Structure formats: structure tokens, C-alpha cells
Amino acid sequence: MKFKKIAAMALAGVMTLSLAACGSSGEGKKDAKKDDNKLTIWAWDEAFNIKAANEAKEIYAEKNPDAEIEVVTMAQDDIVAKLNTSLSSGSYDGLPDIVLIEDYRIQGYLTAYQDEFAALDDIASPDDFAAYKAGVNQVDGKMYGIPFDSGVAAMFYRTDMIKEAGYTAEDMQNLTWDKYIEIGKAVKEKTGKHMLTLDPSDLGQIRMMLQSAGSWYTDEEGKVNIKDNEALKQAFATYQKIVDSGISKQVADWDQFVGAFNNGDVASVPTGCWISPSVVKAEDQSGKWGVAPFPKMAENADSVNASSIGGAGWYVLKNVGHEKLAKEFLKETFASNSDLMNQLVVDINLVSTLKAAETAENYTKGVDFYGGQKVFEDLAAWQNNVPTVNYGQETYAIEDVMTEALQQILSGADVDKVLGDYQQQVEAAVAK
């Protein structure tokens, strides 16, 4: 997905877990649809998710001409709010049969409303998808979602600026953050350009560093893990080194972020693969970009040159009334159809998490904008190395608090003390 300003898309309403009993009981359920032949799908982003859903609809209709499928565009915050309200009350009037849910949010839903979602083990296997993506939608050994877009992180970089600074494409492979900073200093000295942008209100870089080390703000059981989290401490320290080195350009919103690399003000963009459509809009820079694996934290033995940021999956609301038909639709499209994924590479620059798509024709083609590099093939390979982590139920609520912690650390506060203090604050925030 195009993950515009991830931090800015914070929960419209934090999961009301205290109402879980209402959503998991068979009592009081009402307004389920009659058993007709119509499916409704909810998703956000006309240019990406909605276009993908409509293409899937066309493919399904070729073999199932009698099926009526309605794809509805809805803001992600509105989807969150409507699901919370309806599922907590057990009322299904107006709910969709299939809904796109962000990876960072799904554990909250499956914890509070597990009985509202259909298990999909009979139409797909976790082994069919990149492991880190399939891991987020499983509970008690059952698979509840069909993974969709990859958020695999990468280092998009200007080959001409890197060359002017005295480095090569080979030097950009499998970087540590220390080496990245070294190159960034040379770029700044030789070209006068910054190496990257940073938005102090967005913890996206911290999040990617954490997952590269197989860590998160929560532990494997989903419990808050701030105080004694070595990977988090190292990520904050790395972030501070980047700021102190002078290689970063501060931005305040999505437009400034995109404008910085489209205007040639920065030499690299370390973020999710979904940024590529924005990068290639600068047609005058065609042939001047390359893509390399995401840097790792050398001081952390578990950190690898792979991470992720963003992404979502397709889920079936089983009590709405069309569970069987909804599952059949997903089975024939997003759960297995490599031809669909191959076409979406062209149409929306999709990096699919379906393993069968890795050998599709469009994944193995060179991309002129990136100097002929087989970018989609590389991204598909790197996503298989992304560590699986438990995102817990409250990523955005935690980051609302941890943004303040980062500012204190950047201002010179002791890291250990700050993380110790914020352990309690985060616990209090997610307990509300």
C-alpha cells in the first residue's frame, strides 16, 4: 500500500478490548445478510488497494459471471471506526463480506473479535506467503487473513550522487548503519546534498530498525517491552547518530518527504517498497536510481539486512452472511492467482507476498528507471528474509507515547532512564 505518513494514520478509535465479549458471543447477533450472490469489499486507496480489488473482481467474474461484487472505497480510519462499532455491538447491517485490514491493527481485532473472522486454512496455507506476513494473522494455529502487499524495506538511492561521493553500487549492498552514515557524510561533502530525510514525529525508521533485529515495542506474547529492549535502545542510538552526523534533512509531512527526493535534495530513501511509485514520478531522474537491501544494526547480532514497514491483508467477516462465497473469491484471486499478481506489478507496482508470484514474468524484468535492475525480483527475495515479529495490539498508541521519548533522547537525556520511565507510561496508555 502507499503508506502515506504512517504515524499520521493513527487509530481513529483505539480498540475497545473491554467489549470483546460482545463481539465473540453468538448472542445478540443481528442484521446478517440473506444468502444471496453478492459480495461487498471494503478497502482504502483508489490508486492501489481499490484498483487491485477491482482487477481481482474482473478475474473472478470470468469464471463466475453470476457473482455480483461491489468494491467500496473507504478511508482507513472510517473502516476502523465502523468495524469497532459494529463488531462490539454484534450488529452487521452495512458491514462488508471482505475487508482490508492493516497488519499493525489485525492482532487487536483477532484478540477482541476472533469469532467474527473466518479461518482461511481451507483456502490457503501460511507457507504460500512470505513468513513475516503470514505470521501476523495467525491465532491458535489458525490462519485468518490472506496477506496482500509487501512492506519490505529497501534502500532506494541515487547512483549518480553515490558515485560522485566516491562509492559504487557494490558499496551500497548489505550496509550497516555505520557504513551508511560514512557514505552519507561523503555525499554531503561532495555534493552538498543530504543522505535522507527524517520526520521527528514519525517513528517509521525506528520501526524498521526494530524489525530488522526481530524485535518490536512488544515481546513475543504481545506484552509491552520498552525498558529492557536492547534493540529499541540500539535503534534510538542509531537514529541519534544519523541526526548528529548532519546527513539528514528534517521534513514535517508526506509532501515534504516526497518533494525532497523528487527535487534531488537527498541521495537515498530507506523505507518500504511502496515508495517506488513516488520515486519514479521524477522522470528526469530515470536511470539515476538503484535499490539495495535495508541497512542493519551491526551492534545487534540478530539484525539482518531486511525489514518491513506497512502492508495489509484481506479478511472475511464470517457472520455477515456470505462466508463461503467470500472465501471462494479470495481463493481464486489473492490467495493463489499469480497472473493477477503479475498484472498488478504493472498496474500498481505491487510487490506481492504470494511466493508463487516471485517467478511471474513481470517480477523478472529489468526496470529502466532503476538502470535495468530487476527491482521486483530483488524486493521479492528480500522479503523472505524479514524477521517475523508480534506487532501486538497497540502499535500506534505506543508510538504516540514513544515519539516523546525519542525527542528526550535526542535532547541529551539518558537512554536507559528514558526507556525505564516510558515503560510505565506505555503500559498505562495501552491499558486504557
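Only a predicted model underlies this, so the values are computations on that prediction, with no experimental measurement involved.
- In this structure, the side chains of I101 and V99 come closer than 4.5 Å at one or more pairs of heavy atoms.
- With sequence neighbours excluded, the residues satisfying side chain to side chain contact (heavy atoms under 4.5 Å, CB included) with V251 are T197, D199, Q256, F257.
- Under the 4.5 Å side-chain criterion, counting only non-hydrogen atoms from C-beta, W42 is not in contact with D78.
- Partner of Y144 under the side-chain hydrogen bond (donor to acceptor under 3.5 Å, both in side chains) criterion, out of K318, E116, Q114, Q138: Q114 alone.
- Using a 4.5 Å heavy-atom threshold, the side chains of W289 and T159 count as separate.
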Practice task
Report the C-alpha separation of Y391 and W216 in whole Å, then their side-chain angles, then the decisive distance to 0.1 Å, and conclude whether the ring pair (Phe, Tyr, Trp, His ring centres under 6.0 Å) test is met.
Solution key: CA-CA 7 Å; Y391 295 136; W216 203 247; 4.7 Å; yes

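- A heavy-atom distance below 4.5 Å is not found between the side chains of V345 and N349.
- When all heavy atoms of Y132 and S150 are compared, the closest pair comes out as OH-OG, 3.3 Å.
- The backbone N or O of M297 sits less than 3.5 Å from a side-chain atom of S303, completing a donor-acceptor pair.
- Residues V304 and P387 have side chains in contact (heavy-atom distance under 4.5 Å, counting atoms from C-beta outward).
- The backbone N or O of M209 sits nowhere less than 3.5 Å from a side-chain atom of Q234 that would complete a donor-acceptor pair.
- Under 3.5 Å, the side chains of E399 and Y217 contain a donor-acceptor pair of N or O atoms.
- Taking 4.0 Å as the cut-off between side-chain N and carboxylate O, R105 and E102 count as a salt-bridged pair.
- In terms of modelled atom types and a separation under 3.5 Å, the side chain of N225 and the main chain of T218 share no donor-acceptor contact.
- For the residue pair T353 and P147, the shortest heavy atom distance occurs at OG1-CB, 3.4 Å.
- Under a 3.5 Å cut-off, the side chain of Q423 and the backbone N or O of K227 do form a donor-acceptor pair.
- With hydrogens and angles ignored, the 3.5 Å screen pairs a side-chain donor or acceptor of T364 with a backbone N or O of E361.
- Between the Q211 side chain and the V386 main chain, no donor and acceptor come within less than 3.5 Å of each other.
- Between the side chain of N342 and the main chain of N362, a donor-acceptor pair closer than 3.5 Å is present.
- Aromatic ring orientation, F334 versus F148: perpendicular (interplanar angle above 60°, classes split at 30° and 60°).
- Under the 4.5 Å side-chain criterion, counting only non-hydrogen atoms from C-beta, D97 is not in contact with L325.
- K365 has no carboxylate O lying under 4.0 Å from a charged side-chain N of E377, or vice versa, which leaves the two without a salt bridge.
- In this structure, L317 and P96 approach most closely via the heavy-atom pair CD1-O, 3.3 Å.
- Between the side chains of D347 and Q343, at least one donor-acceptor pair of N or O atoms lies under 3.5 Å.
- In this structure, the side chain of N305 engages the main chain of F294 through a donor-acceptor pair within 3.5 Å.
- When side chains are defined from C-beta on, T403 does not count as touching D202, because their heavy atoms never get closer than 4.5 Å.
- Looking at every heavy atom in both residues, M195 comes nearest to I183 through CE-CG2, 3.9 Å.
- Salt bridge absent: K142 and D140 never bring a charged side-chain N and a carboxylate O closer than 4.0 Å.
- The aromatic rings of F156 and Y370 lie tilted to each other, with the angle between the two planes from 30° to 60°.
- Applying the ring-ring contact (aromatic ring centres under 6.0 Å, His included) definition to pairs two or more places apart or across chains, those involving residues 55-82 are Y60-F329.
- Looking at L232 and L419, their side chains come closer than 4.5 Å, going by heavy atoms from C-beta outward.
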Practice task
Please step through side-chain hydrogen bond (donor to acceptor under 3.5 Å, both in side chains) for the pair D378 and Q373, ending with a clear verdict.
Solution key: CA-CA 9 Å; D378 288 339; Q373 181 179 347; 2.9 Å; yes

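- The main-chain N or O of G287 is never found under 3.5 Å from a side-chain atom of D368 such that the two would form a donor-acceptor pair.
- Among all heavy-atom pairs drawn from F376 and V351, the shortest one is CD2-CG2, 3.9 Å.
- In this structure, Y109 and Y113 have tilted ring planes: the angle between them lies in the 30° to 60° band.
- N229 and S215 are linked by a side-chain donor-acceptor pair at a separation below 3.5 angstrom, with hydrogens and angles left out of the test.
- Looking at N384 and E358, their side chains do bring a donor and an acceptor atom within 3.5 Å of each other.
- Note on K63 versus E332: no salt bridge recorded, every NZ/NE/NH1/NH2 to OD/OE distance being 4.0 Å or above.
- Closest approach of Y157 to A169, counting heavy atoms only: OH-CB, 3.5 Å.
- Ion pairing between a basic and an acidic side chain is recognised when a charged N comes within 4.0 Å of a carboxylate O; D122 and K327 show such pairing.
- In this structure, the side chain of Q107 engages the main chain of V136 through a donor-acceptor pair within 3.5 Å.
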Handout entry: Trace of the salt bridge (Lys or Arg N to Asp or Glu O under 4.0 Å) decision for E70 with K57
Key = CA-CA 9 Å; E70 180 185 17; K57 169 183 172 180; over 6 Å; no

